[in-house]
Trainee: 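Before anything else, here's the structure in question.
A quick note: this is a predicted structure, and the numbers were derived from the prediction, not measured.
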Amino acid sequence: MPVRSNGNEKNIDSLFAICYTINMTNITEIHDISAVLRAIRAHLDLTQEQLADRLGVAFATVNRWEGGLTKPQKAAREAIVALADEAGIDMAEVAAEPVEAAAQVTRRRRVSKAPSTKTMEQMLWDAACSIRGEKDAPRFKDYLLPLLFLKRLSDVFDDEIERLAEEYGDQETALEIAELDHSLLRFYLPPEARWAVINGRESYDWPDDQGRSTRPKDIGEHLTKSVRAIVRYNPSLSGVIDLVDFAAERNGQRDINAAKLIEVVETFSDPRYRLGLADVQPDFLGRAYEFLLRKFAEGSGQSAGEFFTPTEVGFLMAHIMRPRPGEECHDYACGSAGLLVKLQLVARELDPISRVPLKLYGQELQAESYAVAKMNAIIHDMEAEIERGDTMINPKFKTADSKIRTYDIVVANPMWNQPFNPDIFTDDPFDRFRTQGGVTTGKGDWAWLQHTLTCLSERGRAAVVLDTGAVTRGSGSRNEDRERNIRKWFVENDLIDGVILLPDNLFYNTSAAGVIVVLSKRKPATRQNKIVLLNASQLVRKGRPKNYIPEEDLRPLAAAYLKGEPVEGEVAVITREQVVEADYNLSPSRWAGQTDAFDHRPISEIIADLNKLNEEAREIDGHLADILAQLQEK
């Protein structure tokens, strides 16, 4: 029924305005703002970055709104309501709508628009080489990694000040509020430690100390003062960012020339390499960061394997573990914490809209690796509890009654064939060995698996990288072998879910292949009393100096393992009886050997041909002897 044009138009317009205002005012009271944003993205097929552009805010701001960490102010709410109206969204029903469509858009962004790390990688390596040249660059990771970490902290600090400025009106007010309440920020950075001051783009009035200026003499002193100031305000970063003195001298000479440090700072100051929340995804930054670790590993020889597990191996383990939101995960030999980080990344991929992170716990012996682990977790914007100490002698994570704490998932790449003092095993205060297959001798591979089992909860699962010999040593021998006996105990208790054979020359501390041993304390009914053996030895590409498993093969490999069905030449599923017949040899290559493209001749034919060739050779020798004799007579 048409509305008469008798002056009621004003009333109708007013009514619409009132309804619009009520809808806008109550959006955060009646509806979940994150659900509204997801609905808008799903209806308009927008990524978070694209939605941020439409709303005129930073990507980090939309990310926080959708994650429920902050709420939009009045102007932003008006823009959201207008966009919801454009999308035809019923505000009364939006909370009940499924969020999978928004998640699909998020996954589309992650998969199809993942940026290349090549430029970032080149920046990092150029910075390393600018210090003392490519040959010596790996020696200076102790300086470069804290600098990279400082740049990340500074850029994130700037992002958070921008967020506060959106809420409180301007940047000056935001900085004043941040100065008064540091809890509003992930990490508070004092003015002298902010990157714009470090690179000289902004000035800073250094205070006097009893009449003496505190202004640093050069960039080396400035950086050292900066990291120490950061630690004063953020004690959790002690022993992480302040391990090195950028102004250190040896024999009257600086370890790193100030001019070289300026070159590195200028490289990191390039706008293309901003490391803030909206500039790079955590995975993107992490991959570039791991590139640097890998380059250092290539130049460090045997010690490299102590802190770095090849990226693709870590992701394969994570995909096999399939971590779920809120699960507790542990790595007792965590190195750079790469395996823990990958568990969280895969958990996000499997459930991109979950707000519940994994609970990550790691222990590391080496001080340098401990610092890298802490930095790695923070640089990925993840929380991880990392302790330092010798896991075998002094496991740090214990319950109130001094027992070893248990977890849903354990991942680890401990040192292979590590020799241990037998007293560690025979007099173990946690009784990890005697009751779980017995005390091993010499090599500690199965001792690590016994420790792994102790760390698992009643429904726990684990993936541990070991030397290939760990699954075969002692099998077929007439002599008593303790490693074989421990394998037997694990098999009899149905704790081994599977073994995966990796390609040769993946790891930095050896050219030998490794295996991933998968444990499970609660196998599904279809896998009970069976062991899945996956031979991935041929899924490899040649690299320099190390080979690698192609990224596109990782998910299919994990899927084939988890499916647990035989595949000719790749996957074998063996029963407990078959394992007993093989004397507890669990090598995947024995059961799932690769199909050979060549036909082998019977040995009898080869011997016959050799005999024929030998006979022909004797005849030729006889002819030569006759000819030489005739020549001698002449």
Trainee: Taking atom CD1 of Ile230 and atom CG of Leu150, what is their separation to the nearest 0.5 Å?
Mentor: 4.5 Å
Trainee: So Ile404 and Arg432, do their side chains get closer than 4.5 Å, heavy atoms only?
Mentor: yes
Trainee: For Val411, which of Leu339, Thr309, Ile320 qualifies under side chain to side chain contact (heavy atoms under 4.5 Å, CB included)?
Mentor: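 Going through the options one by one, the only one that passes is Leu339.
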Trainee: Of the options Arg461, Arg322, Lys359, which is the one that meets Glu327 in a salt bridge (Lys or Arg N to Asp or Glu O under 4.0 Å)?
Mentor: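 When Arg461, Arg322, Lys359 are each tested with Glu327, the salt bridge (Lys or Arg N to Asp or Glu O under 4.0 Å) holds only for Arg461.
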Trainee: Taking the side chain as every heavy atom from C-beta outward, state whether Asp445 and Val517 have any atom pair closer than 4.5 Å.
Mentor: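 No; the side chains remain at least 4.5 Å from each other.
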Trainee: Check whether any side-chain heavy atom of Asp242 sits under 4.5 Å from a side-chain heavy atom of Pro146, and report yes or no.
Mentor: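 Side chain of Asp242 against side chain of Pro146, heavy atoms only: no contact under 4.5 Å found.
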Trainee: If every non-hydrogen atom of Val515 is compared with every non-hydrogen atom of Val499, which pair is closest and at what distance?
Mentor: CB-CG1, 4.0 Å
Trainee: At their closest point, which heavy atom of Leu275 faces which heavy atom of Arg152, and how far apart are they?
Mentor: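 Result for this residue pair: O-NH1, 2.8 Å.
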Trainee: Is there side-chain contact between Leu534 and Pro588, with heavy atoms separated by less than 4.5 Å?
Mentor: no
Trainee: Might you confirm whether atom NZ of Lys398 has over 12 heavy atoms from other residues, nucleotides or ligands at distances under 6.0 Å?
Mentor: yes
Trainee: Using ring-ring contact (aromatic ring centres under 6.0 Å, His included) as the criterion, point out the one residue from Tyr188, Phe157, Phe187 that pairs with His182.
Mentor: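 That would be Tyr188.
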Trainee: Looking only at heavy atoms, which two atoms of His319 and Ala558 are closest? And how far apart?
Mentor: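 Of all heavy-atom pairs spanning His319 and Ala558, the closest is CB-CB, 3.6 Å.
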Trainee: Please report the closest heavy-atom contact between Tyr233 and Pro190, naming both atoms and the distance.
Mentor: CE1-CB, 3.7 Å
Trainee: How long is the straight-line distance from CD of Glu312 back to CG of Leu557, given to the nearest 0.5 Å?
Mentor: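 Going from CG on Leu557 over to CD on Glu312, the span is 11.0 Å.
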Trainee: Under 3.5 Å, is there a donor-acceptor pair between the Ser183 and Asp181 side chains?
Mentor: yes
Trainee: Between the side chains of Tyr273 and Asp155, does any donor sit under 3.5 Å from an acceptor?
Mentor: no
Trainee: Counting only heavy atoms from other residues, nucleotides and ligands, does the tally under 6.0 Å from NZ of Lys523 exceed 12?
Mentor: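 More than 12 heavy atoms, drawn from other residues, nucleotides or ligands, come within 6.0 Å of this atom.
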Trainee: For Glu266, does the CD atom sit with more than 12 other heavy atoms under 6.0 Å from it, leaving out its own atoms?
Mentor: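 Yes, CD of Glu266 has more than 12 neighbouring heavy atoms, counting only those of other groups under 6.0 Å.
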Trainee: So which heavy atom on Lys563 is nearest to which on Arg527, and how close?
Mentor: C-NH1, 4.2 Å
Trainee: Step by step, would you call Asp159 with Arg274 a salt bridge (charged side-chain N to carboxylate O under 4.0 Å, His left out)?
Mentor: CA-CA 11 Å; Asp159 285 346; Arg274 195 173 186 282; 3.0 Å; yes
Trainee: Write out all pairs satisfying ring pair (Phe, Tyr, Trp, His ring centres under 6.0 Å) with one or both partners inside residues 332-362, taking only residues at least two apart or from two chains.
Mentor: Tyr332-Trp448, Tyr332-His451, Tyr361-Phe397, Tyr361-Tyr407
Trainee: Check the surroundings of atom CD in Glu458: do more than 12 heavy atoms from other residues, nucleotides or ligands lie under 6.0 Å from it?
Mentor: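 No - once you tally the heavy atoms of other residues, nucleotides and ligands closer than 6.0 Å, there are 12 at most.
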Trainee: Strictly distance-based, threshold 3.5 Å: is any side-chain N or O of Gln344 a donor or acceptor partner for the main-chain N or O of Leu358?
Mentor: yes
Trainee: Taking C-beta and beyond as the side chain, do Leu153 and Ile241 meet within less than 4.5 Å on heavy atoms?
Mentor: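 Heavy-atom side-chain distance check passes, below 4.5 Å.
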Trainee: Could you measure the distance from the CE atom of Met375 to the CG atom of Leu148? Nearest 0.5 Å is fine.
Mentor: 8.5 Å
Trainee: If you compare all heavy atoms of Arg388 against all heavy atoms of Leu365, which two are closest, and at what distance to 0.1 Å?
Mentor: NE-O, 3.0 Å
Trainee: Can you confirm whether Arg522 is buried at CZ, in the sense that more than 12 heavy atoms of other residues, nucleotides or ligands lie under 6.0 Å from that atom?
Mentor: yes
